Amino acid sequence: MPVTVCDFLLVLKFCWKLYKCLKKGVYKISHEDQVKLCRRFHLTYVKHLVNKNYRKESKDRTWKQTIQSKIMRPVPGFRFPITILITIFMSSVMLYMVGLYCAMFMEIEAKLYFTDFVDLLQAANVVATIITIMCGIRNIYLFLMNYRRDMLLLYKGDRSFVPNTVQTPSQNVYMAQGMRYIGTSITGMLWGTVFCFLLVYVPLALMMVTIKLLGQREKLDDMWKQFQWLIYPACMVVIFKLQVFLIGRFFIQPKLGVEDKYRPLAVDNRNAYDVFSFFMIFLNASIGLFAFLKRILVGAFLGVFLIPRMDRSLLMRGYEAMDKCYVNYIGMLMVDVSHNHPVMRVFCFLVKSDVENRRDRKPLRSAVENAEYGNLSFSEHIPTLTRNSRAKRRWWLAFTLIRNPSIVATRVRESKNESPRGATVEVTDITWSDKTTNVDQDQSADTWGFSITCCKKYKFKIPPNIVTNFIALIVLLSVLVIYTGLPLLINDIMEEAAREL
């Protein structure tokens, strides 16, 4: 159905374009329509950046903008490019098709070879498909959030999030990496969907089959006795909590002030602390056997669910260059920001308009006739960029402050409040408000939680990483049941075979 709908819409779109060409008698796109230096959202971003009085009121939002603000906090003037939209669309189609193909394949195999457990395998198939789709949607959403965060940081000239091992390639390498991004992303969604489905389906199906067979042989009571080894991990968790409690109670100094939120990082009762640390060495060493095993298993588990995520490297720090998928993502970012920077496009539009004005000795018709720019009153009063003009000095000021955000706080401002000129884009004040900083910090999180308000009184907090934690709980429970129940089932089968012989 999605393929049929998309094909129909595509044919309808080209039929409409053909109708307009026949009606107007124009069969090719003009150069002016094909090349547009500056669009409306570029102007909106620059206005929001350089004018502290430019704020879009929430009451002026449409219902579409209200729904979008609930899903993703809006940034004025920012739009996702066509490359990202194509990637998201193709990834969604790949997630849908591969998920359904995996579910259909497992259902057919279960009916052919496992006729006694069809109901259990169908239940595991449904659960695995739903979890795979949810995990894929979560990865797509977090990719959009992180892409917008990275682009906004690159707009400011901040490349701190790019590892040093990836910042060395030449420009042609960046261009080739960006070219490979879309194809790599689609393939990553394919493999990520398959591995996620198998990682959930196989343990869950084996757990259900094991429990059913043990119930038929009346061995469920014996399985519960095999869980005694879980006492050791439980004691490990208790010891960790006990260490934190004892350190907070006896080995750390009290707060310096009543209003302080945390205690200072200073040891109290130093001799007792040294003795306690010496005796805990042997216990922590034994606990470390499971801690390092957990480290390996958690890394492998999260790596499976993060396969479609090209916006972060799956390798450790210093080895990011070996992750070619992540390198392609960085190359795509560099190419995108070098061609679609809003400030660069607005500046080039100003320079191009001024050159045309000098050449033609006429008012800027391109800005006045075009409603897109005329509504914003952007270029009716563009000053001539003379050697010491005010506009030129403001552009140099904007460039300096954007490249050096640390000197914004020390900048001397005028005491009087000048009213902004609505006819031009003012570059008098570049403010880095806390609200904008919080937006960037919120977007940087790979784990996101939110609260739901019910009946305007009650709030329910949904913890971060709820999807991944739920998947991990299912897989862990399935592995525990298989680990304890499968040996009992194999021993019982072998005993029956021995008695028959």
Side-chain angles (χ1 to χ4, degrees), residues 1-7 86-144 181-213 297-312 314 323-325 446 465-483 486:
M1 181 59 69
V3 176
T4 305
V5 172
C6 292
D7 290 340
I86 292 174
T87 304
I88 295 304
F89 176 77
M90 294 301 297
S91 298
S92 302
V93 173
M94 190 65 64
L95 174 66
Y96 175 80
M97 294 179 63
V98 175
L100 289 187
Y101 283 153
C102 290
M104 292 172 59
F105 176 79
M106 289 301 175
E107 184 176 1
I108 294 173
E109 294 295 322
K111 291 181 179 179
L112 289 177
Y113 300 104
F114 304 98
T115 55
D116 297 335
F117 311 103
V118 173
D119 296 337
L120 296 178
L121 296 180
Q122 285 182 350
N125 198 357
V126 171
V127 174
T129 304
I130 294 175
I131 290 179
T132 302
I133 299 297
M134 291 175 60
C135 186
I137 294 174
R138 173 184 178 272
N139 287 332
I140 291 174
Y141 174 78
L142 290 179
F143 165 74
L144 290 175
Y181 169 74
I182 297 181
T184 310
S185 178
I186 297 172
T187 309
M189 180 57 71
L190 186 150
W191 283 114
T193 305
V194 172
F195 287 143
C196 180
F197 181 86
L198 293 178
L199 185 63
V200 178
Y201 175 80
V202 174
L204 191 61
L206 286 177
M207 181 191 69
M208 292 181 176
V209 172
T210 303
I211 292 177
K212 183 176 181 179
L213 291 176
L297 294 177
V298 170
F301 178 80
L302 293 179
V304 171
F305 290 99
L306 294 178
I307 287 176
R309 294 283 304 280
M310 296 180 60
D311 56 300
R312 61 175 302 153
L314 299 183
D323 190 351
K324 297 304 179 182
C325 299
D446 283 337
N465 264 345
I466 184 172
V467 177
T468 307
N469 293 336
F470 181 69
I471 297 172
L473 181 62
I474 292 177
V475 175
L476 180 61
L477 181 61
S478 303
V479 171
L480 287 177
V481 173
I482 295 170
Y483 178 78
L486 197 59

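Side-chain atoms are counted along with the backbone in the values below, which use heavy atoms only and exclude waters and symmetry mates. On a predicted model such as this, the values are computed, not experimentally measured, just so you know.
- A donor-acceptor pair under 3.5 Å is formed between the side chain of Asp323 and the backbone N or O of Leu314.
- Contact check for Phe117 versus Lys212: side-chain heavy atoms found under the 4.5 Å cut-off.
- Within the structure, every pair that satisfies the ring pair (Phe, Tyr, Trp, His ring centres under 6.0 Å) test and touches residues 181-208, not counting sequence neighbours, is listed here: Trp191-Phe195, Phe197-Tyr201.
- Within the 4.5 Å cutoff, the side chain of Met310 has no heavy atoms near those of the Lys324 side chain.
- If you take CD1 on Ile133 and CZ on Arg138, they are separated by 15.0 Å, rounding to the nearest 0.5 Å.
- From Met1, atom CE reaches atom SG of Cys6 across 11.5 Å, with rounding to the nearest 0.5 Å.
- How far OG1 of Thr132 is from CG of Leu95: 8.0 Å, rounded to the nearest 0.5 Å.
- When side chains are defined from C-beta on, Met208 counts as touching Leu204, because their heavy atoms get closer than 4.5 Å.
- Under the 4.5 Å side-chain criterion, counting only non-hydrogen atoms from C-beta, Ile140 is in contact with Met189.
- At least one donor-acceptor pair closer than 3.5 Å links the side chain of Thr187 to the backbone N or O of Gly183.
- Between Leu121 and Asn125 the shortest side-chain heavy-atom distance does not fall below 4.5 Å.
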Report the C-alpha separation of Arg309 and Leu142 in whole Å, then their side-chain angles, then the decisive distance to 0.1 Å, and conclude whether the side-chain contact (heavy atoms from CB on, under 4.5 Å) test is met. CA-CA 8 Å; Arg309 294 283 304 280; Leu142 290 179; 3.6 Å; yes
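- Between Thr129 and Ala103 the shortest heavy-atom distance is OG1-CB, 3.4 Å.
- Contact of the Met106 side chain with the Val202 side chain is not registered, since no non-hydrogen atoms from C-beta on lie closer than 4.5 Å.
- Expressed to the nearest 0.5 Å, how far SG of Cys325 lies from CZ of Arg312 amounts to 14.0 Å.
- Side-chain contact check for Thr193 versus Cys102: every heavy-atom pair is 4.5 Å or farther apart.
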Between Phe114 and Leu120, is a side-chain contact (heavy atoms from CB on, under 4.5 Å) present by the stated rule, with each step listed? CA-CA 10 Å; Phe114 304 98; Leu120 296 178; over 6 Å; no
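- Checked against ring pair (Phe, Tyr, Trp, His ring centres under 6.0 Å), Phe305 has the following partners two or more places apart in sequence or in another chain: Phe301.
- In this structure, CG on Leu190 lies 10.5 Å from CE on Met90, to the nearest 0.5 angstrom.
- In terms of heavy-atom proximity, Ala110 sits nearest to Val118 at O-CG2, 3.9 Å.
- Contact of the Pro308 side chain with the Ser91 side chain is not registered, since no non-hydrogen atoms from C-beta on lie closer than 4.5 Å.
- Rounding to the nearest 0.5 Å places CD1 of Ile482 at 4.5 Å from CG of Leu206.
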